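Accompanying notes for the structure given below.
Counting starts at 1 for both ligands and their atoms, in listed order. Start at 1 with the first residue, then count along the sequence. On a predicted model such as this, the values are computed, not experimentally measured, just so you know.
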Amino acid sequence: MRDMASTWTEKLLEVTSAFSRARTPREVGEVAVALGVGALGARSAVLSLLSRDAQHLDLVASAGLPLPQREKLARLALEARHPGSDAVREGRPVFLESARDVLSRYGGIVPDGWREGSCAGIPVLAGERAAGFLAFSFESYVPILPGPRDFVQALAALVAQALERARLLDAEQQARRRLKVLIDAAEAFSAPTLSMAAVLDAIVRKVTAATGDLCVLRLLSPDGAWLEPRAWFAVDPDLCRELSSAIEDDRLASSDGQAARFLRGGRTLLVPSVASMPQDGMPLALRELFGRYGIHTLIAAPLQIKGRCIGTLKVGRAQPQEPYGDEDRLLVEGLAARAASAIEKTRLYDEVVRSQRLFEGIADASPDVLYLLDVRRGRNVFVSRSVEQVVGRTQREIASLGEAFLETIIHPDDLHRLRGGERRFTELPDGEMVEHEYRVRHADESWRWVRSRDRIFSRTPSGAPELVLGVARDVTEQVLAAREREDLLASEQRARREAETASRAKDEFLAMLGHELRNPLSPMITALELMRMRGGDAYERERTIVERQVQHLVRLVDDLLDISRITRGKVELKRRPVELGEVVAAAIEMASPLLEARRHRLEADLPRRGLVVEGDPDRLGQVVANLLTNAAKYTEPGGIVSVRAAREGVEVVVRVRDSGIGIAAELLPRVFDLFVQGQRALDRSQGGLGLGLAIVKSMVELHGGSVSADSRGAGLGSEFTVRLPSFEAALTPAPLARSSMAFPARGRRQRVLVVDDNQDAADALVEALVGHGHAAMAAYDGPTGIEAARRQRPEVAFLDIGLPAMDGYELARRLRELLGPTVKLVALTGYGQDRDRALSRAAGFDDHLVKPVELEQIMSMLGQASPEVQATSP
Ligand code: ADP
């Protein structure tokens with residue numbers, strides 16, 4: 001017994017050492033059946049292991065078994081009646097040592113001609129669980145003694161151990177293989193490529209190669225509504241082609257089925273057998289396609305980025321004996337994780353590239369130059385294409401200039417402002433712009449003006465400006481245009497200054513001319529007066545001619561002076577309420593010599609009173625006189641001149657009409673302009689300087705009124721209409737200047753001297769003063785005036801300033817000497833400006849009256865004679 005026992009023990013030792021060399025289940029099986037048969041002297045041996053789905057027992061190794069039986073045992077259902085499967089199910093060995101035992105157990109199934117003898121089925125136990133069986137059969141029915149019984153059981157235990165070792169070994173190898181595949185895949189996915197399509201294609205090919213026969217990759221649509229097929233691959237080119245047409249439009253709604261589960265964070269789906277999948281688990285077309293190509297097992301894994309599902313990865317395999325298991329699931333999940341990160345990286349990269357392209361596209365499309373300036377190195381990191389227009393150099397040429405960029409391109413005078421960029425930008429807050437204008441050198445050597453705006457784009461970790469984003473605009477045209485405008489403005493201002501100077505010189509010249517012409521006129525007039533006084537009738541005709549011409553000359557000179565005053569804005573109106581009837585009457589008187597000379601018939605239609613305007617009677621008189629004079633001048637002798645004055649609404653209107661030559665239509669609109677004159681068919685001696693109507697217009701407008709001219713054409717006469725605002729408050733009745741009717745002297749009787757070279761005026765005033773109860777005398781020049789004063793000792797003297805031989809100022813000084821401080825000296829003059837008043841005061845005048853003086857003024861002045869004077873007078 002001892003010998004026997006030690007023999008079994010030796011055999012076991014032999015088996016054990018043989019197992020140590022077996023690395024796979026098959027090798028383990030082969031060792032077990034070969035050594036088992038040898039040790040037991042059995043006729044045949046079998047090792048079968050439970051299938052993955054635990055429904056079958058698959059043959060792993062056999063010895064001494066004829067082919068038909070081997071085929072029968074290749075896949076034994078777990079439920080089959082067999083010593084091996086029984087042992088697996090029951091979890092304990094089955095020993096059958098007699099024909100009776102066999103028949104009692106397997107009677108129904110023992111085939112005809114059964115020749116076997118004893119047999120044994122021993123479960124191979126992995127822990128509690130049976131993983132397969134070891135079975136032996138013998139030539140004849142012999143009892144299986146305790147020694148062999150123990151041996152086969154020990155052998156089964158050794159098989160279990162060896163299998164476990166092989167499984168661990170296998171698992172480790174698989175894990176290592178998987179790791180290698182994953183490392184490969186990660187490398188393949190992240191190969192440097194720009195396009196998402198290329199990355200997706202690399203993924204499906206690599207995944208197919210690592211896991212089976214096909215791969216389909218779907219990605220979530222941008223709106224999140226669909227899982228869209230984006231890449232697929234199959235080893236079989238026919239399947240690949242068919243897959244393309246089956247899957248191309250097969251997008252899955254995110255809200256449906258497996259897609260929805262994945263998007264809600266679902267785990268990988270492992271389908272060992274497509275056949276056992278529920279009908280609705282897969283689109284029918286795909287199921288049919290997979291069926292035709294024998295794709296019978298699937299894994300679908302979500303593609304996840306930080307727990308968010310961005311798509312799915314599905315793999316399938318055609319080998320029916322290799323359904324996917326957990327091992328494959330792990331591999332697919334690993335691949336999916338790497339695919340997802342590769343996709344995300346590519347997407348981000350794409351986005352960066354796209355936004356960069358967008359920026360460059362926009363930058364290049366803009367006429368402005370956009371640039372990124374590296375502040376610390378003073379060079380551009382990016383310059384848009386439009387730089388070529390501005391500086392005539394390509395982007396590349398600019399880039400190659402590097403740090404020499406500023407010195408090469410910028411005008412030396414502007415350089416100091418742009419150099420030391422860092423300093424320029426240190427103070428600049430983020431988001432704010434700094435603006436510069438400078439010149440850049442174009443490749444054609446011209447200088448172009450550029451205006452740039454810069455803002456901080458990025459900062460170093462310490463917060464110093466790093467990159468500056470800028471826009472530069474070519475403003476050469478604007479700068480040149482602005483210069484041109486400035487030049488134009490300057491030259492225009494110069495021209496205007498020159499014109500103003502010239503015009504002032506002209507005005508001054510006219511004013512001077514007027515006064516200079518006047519100087520010789522005064523003595524001429526005096527001389528004429530003297531000639532008339534002394535000369536009797538001799539040369540009467542010649543004298544009259546000279547007189548008339550001198551009068552004409554005086555008018556011309558007066559007009560000239562008026563115009564120079566008007567253009568210099570020096571006209572001073574002495575405004576007061578005026579009866580226009582009186583003004584017109586005076587004007588008629590002024591014009592009457594000419595009217596008479598030309599034998600015109602004058603028709604006057606005007607109320608003496610009731611037409612009151614506020615104005616300067618002198619100037620208004622001049623207006624009407626000018627119109628009447630023109631009417632007389634431009635009407636053939638013996639014509640009709642009419643003057644009418646009336647109130648029309650709020651206006652007082654004066655119309656001067658003639659039957660003369662009329663005014664041509666083209667002249668009418670300009671007839672009031674300065675120096676404008678019509679054709680002169682008439683005696684040129686009647687002509688003027690083209691000033692009369694200009695004076696009329698200015699004066700009327702100064703009075704707030706308007707004047708217009710009308711003519712029905714050549715030979716049909718003309719009409720001039722003056723409109724003045726009516727002064728509603730009627731004047732209190734006042735005596736007319738020309739009336740010398742008796743007035744009671746207001747106050748006491750005084751001695752009055754009147755000196756005026758205008759004899760009529762002097763005489764008329766004297767007549768009026770006498771009429772008012774004063775003792776008045778007239779003199780017509782200075783020396784005669786002094787003579788008269790000596791005799792009369794006047795209390796009041798009215799002296800004209802513009803006297804011949806000795807002017808009014810001189811006369812006043814002499815009279816003051818002669819008569820002392822008590823005499824009241826009153827200047828009578830056409831000049832009423834402040835300067836004139838100052839002059840008369842300096843000459844010793846007590847008062848200053850501007851012609852024509854109204855009698856009322858004279859009388860009231862006499863009435864106001866000082867009490868001192870009244871007391872001392874006799
Ligand atoms: P002057 O009489 O010195 O030429 P005015 O300014 O008084 O200058 O008149 C301008 C021109 O208007 C005259 O030259 C003349 O042609 C025209 N004119 C003025 N008044 C009349 C008129 N009553 N009838 C025809 N033409 C006139």
Side-chain angles (χ1 to χ4, degrees), residues 510 513-514 517 548-567 571 584 587-588 590-605 619-645 653-702 705-723:
L510 283 180
L513 182 68
L517 287 175
R548 201 169 53 238
Q549 297 306 322
V550 167
Q551 282 309 320
H552 186 54
L553 212 51
V554 167
R555 272 202 306 281
L556 290 179
V557 170
D558 283 347
D559 281 359
L560 209 56
L561 284 170
D562 278 342
I563 279 300
S564 99
R565 261 181 232 121
I566 288 168
T567 54
V571 180
V584 175
I588 290 173
M590 280 199 257
S592 53
L594 187 60
L595 288 164
E596 276 163 27
R598 292 182 67 80
R599 289 180 274 103
H600 293 314
R601 181 150 60 85
L602 178 73
E603 295 173 353
D605 173 10
R619 291 314 195 173
L620 291 175
Q622 186 182 10
V623 165
V624 180
N626 276 6
L627 294 177
L628 285 170
T629 308
N630 274 356
K633 265 167 33 176
Y634 299 108
T635 301
E636 298 292 348
I640 302 169
V641 174
S642 76
V643 55
R644 283 173 289 139
V653 179
V654 181
R655 289 193 165 83
V656 176
R657 190 178 191 154
D658 62 57
S659 59
I661 60 168
I663 302 172
E666 62 271 20
L667 184 65
L668 256 183
R670 298 182 298 119
V671 76
F672 291 102
D673 292 351
L674 203 50
F675 307 124
V676 166
Q677 291 187 303
Q679 300 254 306
R680 335 213 56 125
L682 302 175
D683 176 7
R684 177 70 224 186
S685 70
Q686 298 299 334
L689 299 170
L691 305 179
L693 289 182
I695 293 171
V696 165
K697 184 164 188 270
S698 301
M699 292 301 174
V700 170
E701 285 174 357
L702 280 174
S706 65
V707 60
S708 60
D710 197 16
S711 172
R712 275 177 293 150
L716 294 174
S718 313
E719 182 173 59
F720 288 80
T721 307
V722 174
R723 295 173 178 278

Original post:
By number and element, which atoms of ligand 1 are closer than 4.0 Å to a non-hydrogen atom of G692?
Top reply: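 Those of ligand 1 that fall under 4.0 Å from G692 are 5 (P), 6 (O), 7 (O).
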From [atom], work out which of [options] has a heavy atom at the shortest distance.
atom	options	value
atom 8 (O) of ligand 1	G662, S659, G690	G690
atom 10 (C) of ligand 1	V676, L674, D559, L556	V676
atom 26 (N) of ligand 1	L627, V641, I663	I663
atom 20 (N) of ligand 1	T629, D658, N630	N630

Under 4.0 Å, heavy-atom basis, I'd like to know which part of N626 is in contact with ligand 1: side chain, backbone, both or neither.
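Near ligand 1, N626 shows nothing, with every heavy atom at 4.0 Å or more.
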Indicate yes or no for a side-chain donor-acceptor contact from T635 to the backbone of A632 under 3.5 Å, with no hydrogens or angles considered.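 Not a single qualifying donor-acceptor pair exists.
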Could you tell me whether the side chain of D559 and the main chain of L691 form a donor-acceptor pair under 3.5 Å?
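Looks like no, no N/O pair under 3.5 Å.
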Any idea which heavy atoms bring Q677 and L667 closest together, and the distance?
->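 That closest heavy-atom pairing would be O-CD1, 4.3 Å.
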task = Check whether any heavy atom of F720 sits under 4.0 Å from an atom of ligand 1.
result =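 It does, in that a heavy atom of F720 comes within the 4.0 Å cut-off of ligand 1.
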### Message
Filter on salt bridge (Lys or Arg N to Asp or Glu O under 4.0 Å), then keep only pairs touching residues 710-722, sequence neighbours left out; what's left?
### Response
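Salt bridge (Lys or Arg N to Asp or Glu O under 4.0 Å) check on residues 710-722 returns R644-E719, R657-E719.
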Check this for me: does any side-chain nitrogen of one of R565 and D558 sit under 4.0 Å from a carboxylate oxygen of the other?
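So R565 does not pair with D558 through a salt bridge.
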**Prompt:** Is R598 paired with E596 through a side-chain N to carboxylate O contact shorter than 4.0 Å?
**Reply:**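 No, no charged N to carboxylate O under 4.0 Å.
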